[in-house]
Amino acid sequence: MNINSYKSAMNRLEMSEERINGILAAAHKAPLRRKKAFRPAFPLIAAAVIMLTGFTVYAANSGVLSLIFGSERDYSPFEHMTGELEIHSLETFIDGLEVTPMGFAADSYTVYSVFRLDFPEPLPESEKYTELQLDGYGHCTSKLMDTLKSFSPEGRTSGGAMIRYIKEDSDTLYAAYIVSCGYKMSGEITLDFICLNLALGDYKGLIKDSIIYDTPLFSSSFTVNIPEVEGVELETRGTVLDGFNAKLYPCSIVIDTENSYLVQAYEKNRYPFHYALPVYVTLKSGEEIEILGSSTCYMSSGSNVIASTGDTILSSIPLNGRLDDYLYYRGYLTYPAATEEIASLTIGGCTIYPKE
């Protein structure tokens with residue numbers, strides 16, 4: 001137990017020295033429910049502080065990315081982007097559920113905010129868990145849309161959100177709340193979400209047999225500080241993506257164009273950005289990272305069409321009657337990667353590489 005680290009985090013709170021020492025003493029004596037090689041002791045402290053004060057600033061674990069997305073991967077080049085979650089509120093809706101904020105990682109287009117969920121009893125055996133969204137609305141609230149819209153220089157609303165669960169053991173999941181924006185985010189933003197009901201990822205059998213918890217799990221409001229991160233520019237000349245601007249970021253893929261011919265060609269053929277085609281990043285190690293939330297938003301002045309496709313909400317509102325041609329393609333990596341380790345991007349059967 002690193003007492004100095006705990007005291008440093010707690011000193012950010014308006015609490016008496018006597019109360020802080022009381023919490024530390026209780027944590028020192030409290031037995032863990034089970035032994036885990038990489039479970040930090042700090043979550044117990046953080047949970048106690050949240051209950052006592054209603055808010056906290058949680059200093060991100062230095063190894064939070066490898067802890068969440070797999071210890072076999074090296075995230076050391078990405079660690080400077082692992083930041084602090086400023087928690088304004090956190091409320092659980094399941095008796096016995098312990099929720100611990102872990103931290104966040106972000107680039108200018110995507111935010112991964114991570115919470116640890118310790119359930120009161122073992123979950124059904126499965127390698128994949130998901131949210132059951134019967135209405136299909138998910139986390140794309142009007143408040144989130146207004147937040148994402150604020151980054152558009154032309155008032156266009158573009159972006160979306162989801163929760164991805166990563167299993168640790170039989171009764172512990174990490175919930176990564178992922179927010180993506182069509183435009184460059186910067187500075188401090190506040191996010192609010194409710195973690196919806198939990199279901200088995202493969203939906204076997206009737207829906208009633210797939211739901212693990214049929215009520216929301218927890219809710220939270222928190223602030224993150226978006227860092228300035230440069231993307232890797234990709235070479236598109238001589239490929240089917242010729243004329244598009246393409247960049248890869250540690251968390252995101254960003255491709256766009258305002259070329260009328262390319263936009264109208266996409267409207268006619270839906271190529272190469274058909275959302276059903278595989279999209280992935282290949283690292284120099286040979287490992288492939290799937291791109292999720294792949295979505296295309298375009299405006300074609302030739303037919304006065306505004307449309308979007310894919311599984312991330314991307315909408316667009318032209319201002320003052322403007323009908324410029326444009327196409328935005330966005331997605332986010334399944335897990336963050338150091339940009340210097342990216343070897344290529346494959347989309348629609350076409351592979352492109354970083355510019356030299």
Residue pairs meeting salt bridge (charged side-chain N to carboxylate O under 4.0 Å, His left out), one or both in residues 247-258, sequence neighbours left out, come to D256-R330

Throw together a table of side-chain donor-acceptor distances under 3.5 angstrom for residues 344-356, partners on residues two or more places apart or in other chains.
from, atom 1, to, atom 2, distance (Å)
T346, OG1, T351, OG1, 2.9
K355, NZ, E233, OE2, 3.1

### Task
Run the ring-centre check on F104 versus Y112 and record whether the distance is less than 6.0 Å.
no

| request: For the residue pair L173 and L198, establish whether any side-chain heavy-atom pair is separated by less than 4.5 Å. | output: yes

- Item | P216 side chain near N197 side chain, heavy-atom distance below 4.5 Å | no

With sequence neighbours left out, the residues meeting side-chain hydrogen bond (donor to acceptor under 3.5 Å, both in side chains) with S150 are none

Y249 meets the ring-ring contact (aromatic ring centres under 6.0 Å, His included) criterion, sequence neighbours left out, with Y109

Residues passing the salt bridge (Lys or Arg N to Asp or Glu O under 4.0 Å) test with E228, sequence neighbours excluded, are none

Residues passing the ring-ring contact (aromatic ring centres under 6.0 Å, His included) test with F244, sequence neighbours excluded, are F273

Is there a path of hydrophobic side-chain contacts, each under 4.5 Å between heavy atoms of I, L, V, M, F, W or Y residues, that connects Y329 with L292?
yes

Side-chain donor-acceptor pair present, Y165, T130, cut-off under 3.5 Å:
no

Contacts of K268 meeting side-chain contact (heavy atoms from CB on, under 4.5 Å) (sequence neighbours excluded), chain-then-number -> none

Residue set satisfying side-chain contact (heavy atoms from CB on, under 4.5 Å) with D242, at least two apart, ordered chain then number -> R237

Across all chains, not counting sequence neighbours, the ring-ring contact (aromatic ring centres under 6.0 Å, His included) partners of Y213 are F119

In short, G159 meets L148 closest at the heavy-atom pair CA-CD1, 3.5 Å

Salt-bridge present (K167, E125; N to O < 4.0 Å):
yes

request  = Give a yes or no on whether V279 and L283 share a hydrophobic cluster (residues Ile, Leu, Val, Met, Phe, Trp, Tyr; joining criterion: side-chain heavy atoms under 4.5 Å apart).
outcome  = yes

- Ring-ring centroid check F222 F115, cutoff 6.0 Å: yes

Applying side-chain contact (heavy atoms from CB on, under 4.5 Å) to S221 and not counting sequence neighbours gives H88, S89, T190, D192

Heavy-atom nearest pair, P101 first then L90, reads CG-CD1, 3.8 Å

- Message: Within the 3.5 Å criterion, strictly below it, is a donor on S180 or T110 matched to an acceptor on the partner's side chain?
- Response: no

* Asked: If Ile, Leu, Val, Met, Phe, Trp and Tyr residues are connected whenever their side-chain heavy atoms lie under 4.5 Å apart, and connections chain through other members, are F193 and I94 in the same group?
  -> yes

N259 meets the side-chain contact (heavy atoms from CB on, under 4.5 Å) criterion, sequence neighbours left out, with T257, Y261, L262

Applied to residues 177-188, the salt bridge (charged side-chain N to carboxylate O under 4.0 Å, His left out) test, sequence neighbours excluded, yields none

* Asked: Just wondering, do M185 and V111 contact through their side chains at under 4.5 Å, heavy atoms?
  -> yes

